[in-house]
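Accompanying notes for the structure given below.
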Amino acid sequence: MAYLRSTGTPGAGCILCLLNGIALKDGVVSNRSTGDAPASIASHFRSNRLLAALSEQAVKQLVPELRQAVFPQGTCLFEPGDIIDRVYFPHGGMISLLVVFNDGHAIEASTIGREGAVGFRTVLGLRHSFTRAVVQISGTFSFIAATALEKIVLENEEFRQHLTRYGLLLHFEAQQNSACNAIHSVDQRLSRWILQTSDRVESDALALTQEFLAEMLGVRRGTISLLAGQLQKDGFIEYKRGKIYIRDREGLKRRACECYAVIHRLGEMEKHLHDDAAASGSASGNRTA
Amino acid sequence: MSLFYFNLRDGTDGIQDSDGIDLPDRDAAYWEAEQIADELMRNTKRRPRHWQLQIRDADDRLVFEMPFAAVDRTLANFEPGERRLIERHAEIARALLETQHRSRMLIRRSRAIMARSKKRPYLAACQGVRV
């Protein structure tokens, strides 16, 4: 992928990031510049679980500030060292957080789908990013200026607590991920990764090239090609035109390491966290229908 | 740049690399193969020392073979003589497994032909491979 290759020198911004910077300024669907956009934002709003859990007061403050756009695969949202000025809420698709090394190599540390947000730690006081955030599976994303979100969070104690708890769950997930990357075989990690990504995007069909997979798992494409070939031969997955289709989930689970069960449980806990917050909001009557 | 295919021989049917990788030359292909073998062996409980990568060019000509035992880092502390012995053993083990696998497939195929001639049900495919 061009964006990884282009970062041979540490600190160099990736090409897509620069391109994207222009695209975001010019061509984005904005609820201010186009009159009918608020309806689109409202219809998408609750498909992000974190947004769906917000109180009515927070929603009222948030919606005018939210922008929405479809980001293609490979879009880089921020690089390590960048000051995070936007917070992203996926409504579909998936964002990967990658740890980038000086020689340009990168490996995935976390994934975020429509259950969460990317960059929200900036409003909790951590302004700089330690990872690269890349759109791994294309989708619709809402985003908001960090300063605007910070103001809303300061006025909504519940929202702040909710974000903190969600951040902790993400932290545990990253912990499990790094242990797995160090100890388990590529074969096990590939199976775990396919399952985990399928959970994130809630689909059995994943639009992922082998090149992308190799970069996420920090191995060579040739390795992924052979291991994916083996999984295909065993009837667990099918690889067709750059898409992976899961054919035997149980078989994949047997092939994956124990980390999948842990990460799956954390994912369920994230969902419950949002559901509980949403329920408590509606019980006290301060939430939109 | 030319296209190199990295096929795996694992003692059964093996896995064919369908896409290939574009690399500048043979040396780059050698380095690539070393990395792939290393990654496939990394953190595995039973190191698949008997596996082998077979590197072919775009015309399906064999460029070189890379036995996993030859690049297995856990063997680094062995004397050269001992190491050659292990590599030789790995080669024989793979050849044996491949022969065993082929015989098994042949038996299945014969059974299928017999069953068909008697119009009886038979095993049509095993692990995605047509008998």
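Throughout, a chain's letter reflects where its sequence line sits, starting with A, and its residues are numbered from 1.
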Inter-residue atom distance Ile15(B).CD1 - Gln232(A).CD, 0.5 Å rounding: 10.0 Å
Interatomic spacing from CG in Asn43(B) to CG in Asn181(A) - rounded to 0.5 Å: 10.0 Å
Check: Asp10(B) and Gln230(A) side chains under 4.5 Å, non-hydrogen atoms: yes
Are any of the side-chain heavy atoms of Lys233(A) and Thr12(B) separated by less than 4.5 Å? yes
What parts of residues 16-41 of chain B touch chain A if we use heavy atoms and a cut-off under 4.5 Å? Asp17(B), Asp19(B), Gly20(B), Ile21(B), Trp31(B), Glu32(B), Gln35(B), Ile36(B), Glu39(B), Leu40(B)
With only heavy atoms counted, which part of Ile224(A) is less than 4.5 Å from chain B, the side chain, the backbone, both or neither? neither
Is Ile183(A) close to chain B through its backbone or its side chain, or both, or neither, when contacts mean heavy atoms under 4.5 Å?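 The backbone, not the side chain.
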Does Arg249(A), at its CZ atom, have more than 12 non-hydrogen atoms belonging to other residues, nucleotides or ligands within less than 6.0 Å? yes
Has Phe130(A) got more than 12 heavy atoms of other residues, nucleotides or ligands less than 6.0 Å from its CZ? no
Tightest non-hydrogen contact, residues Ser185(A) and Thr44(B), listed as CB-CG2, 3.8 Å
